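Because the structure is predicted, anything quoted here is derived from the model rather than measured. For the single chain, residues carry numbers from 1 onward in sequence order. Every number for a ligand or one of its atoms is a count from 1 in the order of the listing.
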Amino acid sequence: MERGKFITFEGIEGVGKSTNISHLVSSIEAAGHNVIVTREPGGTPMAESIRDLVASHGDEAMPDVAELLLVFAARALHVNNVIRPALEAGSWVVSDRFTDSSRAYQGGGRGLPADDIDLLADWVHGDIVPDLTILLDAPVEIGMQRAGKRSDPDRFESEQSEFFERVRLTYLQLAENDPGRFVVVDATQPMETVKMAIDDIGRALLTD
Ligand code: TMP
């Protein structure tokens, strides 16, 4: 059985991940592949509970290291219970966020050491690395403006723009360091143009 492909979408809030994930998934399905669409933190019942813990405003302080370990605990569940079995069964997996989010948010945003994050990544999912990562990029003001329309901002959405500037720069740096895995799409373009870019990426992926 040929292993399925693993594709991840990344970007700050408000860049249009959900719409573009649906679009890419339609192309993959139209080509006859089975696709699992999932997200992080989350993707399994227990990992979704961890998502609630990490994203909600609790009464207790959340040390940065606890945040990092929680997103990786959720990832361990997600990889072992969903992602790896699906890929091994030949399904494709498209995930809204994966470890690059930890590098960008906990590394860039919170300032935790990149080496510690890489060590956890290696430990938790050394053999599972995305075949392709689509980074939807937009300036922070634009992302925040779009995301700001949502009600009840969570713990991350409540961060200041400086935090998201660091997150965005880390993403762009990751993409620059690994051009074989990342494709950066300018998410400030009109929706139809972004869709066309996603179509081109889908075509390249499906003929690969
Ligand atoms: P979203 O998927 O709806 O954008 O929300 C998930 C939030 O969790 C988002 O603000 C980014 C954050 N996050 C991290 O900080 N680290 C991680 O490893 C992941 C997967 C998400």
Side-chain angles (χ1 to χ4, degrees), residues 6-22 24-25 37-44 46-58 61-83 93-125 128-130 133-138 140 142-174 187:
F6 180 31
I7 298 132
T8 58
F9 275 76
E10 296 283 355
I12 58 170
E13 356 294 275
V15 290
K17 282 186 287 110
S18 313
T19 316
N20 289 296
I21 287 174
S22 309
L24 182 71
V25 166
V37 187
T38 186
R39 69 171 184 180
E40 288 214 343
T44 84
M46 226 191 289
E48 288 288 331
S49 304
I50 296 176
R51 178 191 179 94
D52 291 342
L53 270 178
V54 173
S56 63
H57 299 274
M62 173 77 78
D64 296 342
V65 67
E67 183 179 281
L68 175 69
L69 293 172
L70 283 168
V71 291
F72 267 99
R75 185 160 300 129
L77 291 158
H78 192 207
V79 166
N80 286 290
N81 299 344
V82 174
I83 299 177
V93 175
V94 178
S95 185
D96 182 344
R97 302 188 179 280
F98 193 60
T99 299
D100 295 310
S101 282
S102 306
R103 296 189 171 105
Y105 285 76
Q106 281 67 52
R110 304 284 189 223
L112 292 176
D115 287 352
D116 289 350
I117 300 174
D118 285 339
L119 190 76
L120 284 168
D122 202 34
W123 189 19
V124 170
H125 60 86
I128 306 275
V129 177
T133 298
I134 298 171
L135 171 59
L136 294 171
D137 177 61
V140 170
I142 295 183
M144 285 183 88
Q145 228 172 46
R146 292 186 191 154
K149 294 193 183 122
R150 295 177 200 157
S151 54
D152 289 341
D154 68 19
R155 228 168 45 77
F156 292 104
E157 288 161 350
S158 310
E159 286 293 338
Q160 300 300 308
S161 59
E162 295 74 33
F163 175 86
F164 291 106
E165 293 287 359
R166 293 194 297 277
V167 172
R168 180 186 182 211
L169 287 180
T170 309
Y171 270 137
L172 291 171
Q173 192 65 60
L174 288 167

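- Between Leu136 and Lys17 there is a side-chain heavy-atom pair separated by less than 4.5 Å.
- Residues forming a side-chain contact (heavy atoms from CB on, under 4.5 Å) with Leu69 (at least two apart in sequence, or on another chain): Val65, Leu120.
- Remark: aromatic rings of Phe9 and Phe98 are distant, center separation not under 6.0 Å.
- Protein residues lining ligand 1, listed by chain and number: Glu13, Lys17, Glu40, Pro41, Arg51, Val71, Arg75, Arg97, Ser101, Ser102, Tyr105, Gln106, Phe156 [non-hydrogen atoms, distance under 4.0 Å].
- Shown here are the side-chain contact (heavy atoms from CB on, under 4.5 Å) partners of Asp52, two or more places apart in sequence or in another chain: there are none.
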Extract all donor-acceptor atom pairs below 3.5 Å that involve side chains of residues 102-112 and protein atoms in other chains or at least two apart in sequence.
from	atom 1	to	atom 2	distance (Å)
Ser102	OG	Arg75	NH1	2.8
Ser102	OG	Arg75	NH2	3.1
Arg103	NE	Asp118	OD1	3.1
Arg103	NH1	Asp100	OD1	3.1
Arg103	NH2	Asp118	OD1	3.2
Tyr105	OH	Glu13	OE2	2.3
Tyr105	OH	Arg97	NH2	3.2
Gln106	NE2	Glu67	OE2	2.6
Arg110	NE	Glu67	OE1	3.3
Arg110	NE	Glu67	OE2	2.9
Arg110	NH1	Glu159	OE2	2.7
Arg110	NH2	Glu67	OE1	2.9

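- In this structure, the side chain of His125 does not engage the main chain of Asn80 through any donor-acceptor pair within 3.5 Å.
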